[in-house]
Amino acid sequence: MCGIVGYTGDAPAAKLLLDGLSRLEYRGYDSAGLCLLNQDFSTVKTVGKVRNLAEKVRDCQVDGLVGIAHTRWATHGAPLEKNAHPHLDDGGRVAVVHNGIIENYMALRSRLEKRGHKFISDTDSEVIPHLIAEFYDDDPVQAVAAALRQLTGTYGVCVLFRDLPGLMIAARSGSPVIVGLGQGSNMAASDVTALITHTRNVIYLNDGELAVITPEKVELRTLANVPIEREISRITWDPDTIGKGGYEHFMIKEIFEQPEALANTIRGRVLPDDGSAKLSGLNMTPREMAMINRIVIPGCGSSLHSGLIGEYYFEDIAGIPAEVEQAAEFRYRNPIIEPNTLVLPISQSGETADTLAAVREAIHKGAVVAAISNVVGSTIARECGRGVYLHAGPEISVASTKAFTCQVAALLLMSLLFGRSRRLSGEDGREIGAEIARLPELVQSVLDEFPTIERIAKKYAAFNDFFFIGRGCLYPVALEGALKLKEVSYVHAEGYHAAELKHGPMSLLGDRVPVIALANRIPGQEKLLGNIEECLARRSPVIAVVSGEDANVAKYTSDIIRVPASSRYAAPITTVVALQIFAYCFARERKCDIDQPRNLAKSVTVE
Ligand code: M6R
């Protein structure tokens with residue numbers, strides 16, 4: 001799970017590659033490297049982040065008009081220089097950067113070693129340049145295709161040949177590769193963010209395809225050497241949106257972008273008069289929607305949590321039974337897919353390997369599959385062919401914030417639409433539609449509470465264990481709040497259904513274990529107040545999130561975070577924003593690396 005970028009053109013490549021890599025760091029950042037081609041390859045590698053690599057490249061004073069680069073999230077082999085990419089064959093003829101996992105690398109490596117190849121890294125990736133060199137006689141494209149045909153697993157690769165200056169070959173199977181088309185220069189990368197400052201014209205490679213790239217042209221072929229025609233796509237979003245815009249971290253920038261992001265998710269999709277919604281990307285008629293009698297939602301991490309909120313919405317608003325699946329389990333448990341089952345994968349990046357595998361299994365089993373994704377043109381979005389884009393703008397911080405709330409808003413829109421094709425009345429639909437339209441304003445009110453939330457986060461900054469409790473549609477928010485806190489601040493945090501405490505976890509409560517209670521006024525709130533009493537009786541300090549001026553909770557604690565009063569449908573969104581701010585302020589107080597937490601990566605493209 002890594003970021004790759006390659007360039008061939010008429011400008012010095014090092015700066016372009018380093019710039020591209022810094023935008024790909026969300027994919028991994030434990031080591032980095034680049035390889036530039038002049039008469040020979042010059043390779044520079046470092047442990048740590050791209051800024052370390054930039055310093056080393058400057059000190060080495062290397063450059064060239066062609067190059068490939070890589071930022072790594074270790075899967076095989078520790079984050080050491082010898083394991084950083086690019087990898088070369090032992091004759092130094094072929095250089096490769098790879099994102100993905102080669103599952104049969106041990107067998108390939110031992111076969112190559114028997115033929116005299118010498119390996120220096122512990123990675124799976126190093127077999128690729130060796131294999132290409134083995135097949136290379138005078139046709140580089142055939143050599144790459146032949147080598148790739150030997151691989152089992154996933155790859156996105158960029159390949160250079162020492163003796164063929166100007167030529168770069170990129171290919172993909174299971175890991176994204178996008179080709180960027182410039183003037184007198186072309187690039188390839190794992191994500192458009194690495195290309196956007198160079199060009200807005202891109203070509204998305206599909207699995208089993210390779211691109212033969214020179215400064216003047218790009219040709220696509222299958223691994224069987226059949227030429228392919230592909231339309232050029234135009235990136236329309238603004239590259240400025242991927243800078244920090246004056247904020248200290250991407251996470252807080254993205255938290256504060258939520259009113260605008262939600263407005264973009266909602267724009268043009270609420271039909272106030274009909275009390276319904278319009279989601280053209282779903283491409284389903286009201287009759288087809290009315291036929292759907294079960295919804296299965298696969299996802300991972302925060303996307304799994306938004307799916308759990310969606311489950312409440314679909315059942316409550318549309319009366320459709322819904323169930324959420326950890327995407328990694330989906331294909332292994334032989335899921336039951338009937339003709340009228342809608343599978344609704346959720347993935348911010350649209351590249352998560354487990355969710356993609358679930359999508360493929362669902363398609364294989366004949367389900368109607370529609371994706372909820374943020375990244376236009378991502379693999380999951382393209383393979384589903386229908387769905388709902390969030391339009392939340394690029395999310396760079398590893399911790400998902402705006403994508404999460406926009407996913408929940410998209411699920412609410414979908415529930416409204418499906419509800420109106422079934423049991424939901426126009427009047428109830430109009431009420432929900434009005435609440436959806438109000439989401440940006442409601443979230444702005446939570447952002448205005450930043451100073452209070454920051455004060456509470458600082459007060460608790462020395463604690464190392466937290467419980468988050470909620471009921472109903474706030475139970476998944478408790479899970480998400482705990483995930484946010486542990487992800488960015490490395491403290492132990494658990495999310496529980498409030499009723500579950502007494503079945504075991506309560507044994508851990510005490511004065512060093514604060515409980516964050518989601519006590520908004522939604523159905524079941526009275527029971528949650530009882531749960532707060534149970535925690536206080538075990539001496540746990542309580543921080544309560546409450547709706548509006550609700551005075552009920554003030555008698556239990558003075559650490560109160562107020563979110564605006566709303567329906568139960570908006571409450572998960574307002575509440576989670578408060579928890580995002582809490583996690584951010586807490587982590588900042590503890591001086592954690594907020595945007596790139598240790599051991600994590602933004603886009604998890606390995607199983
Ligand atoms: O891109 P995806 O939504 O498929 O990513 C799924 C998870 O990896 C992701 O939500 C992860 O849990 C986030 N880091 C949480 O903040």
Side-chain angles (χ1 to χ4, degrees), residues 1 3 24-29 73 174-176 190-191 193 249-252 254-255 258 261 297-310 324-330 344-360 371-384 387-390 392-408 410-411 468 476-477 479-490 493 495 576-577 579-584 587 592-607:
M1 204 170 55
L24 293 174
E25 266 193 317
Y26 71 87
R27 304 179 68 88
Y29 39 81
W73 185 81
S175 304
S190 342
D191 189 322
T193 52
H249 298 99
F250 279 110
M251 183 178 177
I252 192 64
E254 289 159 7
I255 289 173
Q258 288 180 105
I297 309 175
C300 301
S302 292
S303 297
L304 182 79
H305 298 155
S306 66
L308 288 167
I309 299 168
V324 177
E325 285 264 3
Q326 209 305 326
E329 272 307 300
F330 188 84
L344 194 59
I346 306 183
S347 174
Q348 184 286 130
S349 61
E351 301 293 348
T352 299
D354 287 323
T355 313
L356 179 58
V359 165
R360 288 179 175 160
I372 295 187
S373 178
N374 191 32
V375 179
V376 176
S378 59
T379 309
I380 290 174
R382 286 186 297 132
E383 294 205 5
C384 291
V388 181
Y389 278 124
L390 304 179
E395 191 181 67
I396 308 295
S397 168
V398 166
S400 184
T401 54
K402 63 177 179 173
F404 178 83
T405 46
C406 291
Q407 285 168 352
V408 178
L411 287 159
F468 289 70
V477 177
L479 300 178
E480 176 63 8
L483 175 65
K484 278 299 80 92
L485 188 63
K486 71 183 116 191
E487 192 175 19
V488 296
S489 69
Y490 317 144
V576 83
V577 173
L579 302 185
Q580 293 166 353
I581 297 172
F582 181 85
Y584 172 78
C592 298
D593 188 348
I594 292 179
D595 285 332
Q596 295 177 339
R598 69 184 182 206
N599 303 340
L600 300 180
K602 179 75 178 160
S603 181
V604 186
T605 54
V606 292
E607 221 192 306

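Residue numbers run from 1 in the order of the sequence given. Order of appearance sets the numbers: ligands from 1, and atoms from 1 within every ligand.
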Inset, instruction - Go through ligand 1 atom by atom and flag the ones less than 4.0 Å from a non-hydrogen atom of Gln348. - result: 1 (O), 2 (P), 3 (O), 4 (O)

Inset, instruction - Taking atom types as modelled, find out whether Ser303 and Gln348 have a side-chain donor-acceptor pair closer than 3.5 angstrom. - result: no

Inset, instruction - Answer yes or no: does an N/O atom from Val398 fall short of 3.5 Å to an N/O atom of ligand 1? - result: yes

Legend entry - Short side-chain donor-acceptor distance under 3.5 Å, Glu351 and Ser378: no

Inset, instruction - Would you mind telling me if ligand 1 is within reach of the side chain of Lys484, the backbone, both or neither, using heavy atoms under 4.0 Å? - result: side chain

Legend entry - N or O pair under 3.5 Å between Gln407 and ligand 1: no

Legend entry - Residue pair Ala371 / Ile380: nearest heavy atoms and the distance that separates them: CB-CG2, 3.9 Å

Legend entry - Within-cut-off N or O pair, Thr355 and ligand 1, under 3.5 Å: no

Inset, instruction - Using a strict 4.0 Å cut-off to heavy atoms of Ala399, name the atoms of ligand 1 that fall inside it. - result: 16 (O)

Inset, instruction - Please identify which atoms of ligand 1 are closer than 4.0 Å to at least one heavy atom of Ser303. - result: 2 (P), 3 (O), 10 (O)

Legend entry - Set of ring-ring contact (aromatic ring centres under 6.0 Å, His included) partners for Phe468, sequence neighbours left out: none

Legend entry - Taking every non-hydrogen atom, the tightest pair across Ile297 and Gly310: CD1-C, 4.5 Å

Legend entry - Over all atoms of both residues, closest heavy-atom pair of Tyr490 and Arg598: OH-N, 2.9 Å

Inset, instruction - For residues Gly377 and Arg382, report the shortest heavy-atom separation together with the two atoms involved. - result: O-NE, 2.7 Å

Inset, instruction - Do me a favour and list the nearest non-hydrogen protein atom to atom 2 (P) of ligand 1 with residue, atom name and distance? - result: Thr352 OG1, 3.2 Å

Inset, instruction - Considering heavy atoms of the protein only, find what lies nearest to atom 8 (O) of ligand 1 and give residue, atom and distance to 0.1 Å. - result: Val604 CG2, 3.8 Å

Legend entry - Proximal ligand 1 atoms for Ser400, defined as those under 4.0 Å from one of its heavy atoms: 15 (C), 16 (O)

Legend entry - Ser302 neighbourhood, listing ligand 1 atoms whose heavy-atom distance to it stays under 4.0 Å: 10 (O), 12 (O), 15 (C), 16 (O)

Legend entry - Protein heavy-atom partner closest to atom 1 (O) of ligand 1 - residue, atom, separation in Å: Ser349 OG, 2.6 Å

Legend entry - Note: Lys402-Glu395 ion pair, threshold 4.0 Å (strictly below): no

Inset, instruction - Considering heavy atoms of the protein only, find what lies nearest to atom 13 (C) of ligand 1 and give residue, atom and distance to 0.1 Å. - result: Glu487 OE2, 3.4 Å

Inset, instruction - For the residue pair Gln258 and Thr401, confirm or rule out a side-chain donor-acceptor distance under 3.5 Å. - result: no

Inset, instruction - Report the nearest protein non-hydrogen atom to atom 7 (C) of ligand 1: residue, atom name, distance rounded to 0.1 Å. - result: Cys300 O, 3.6 Å

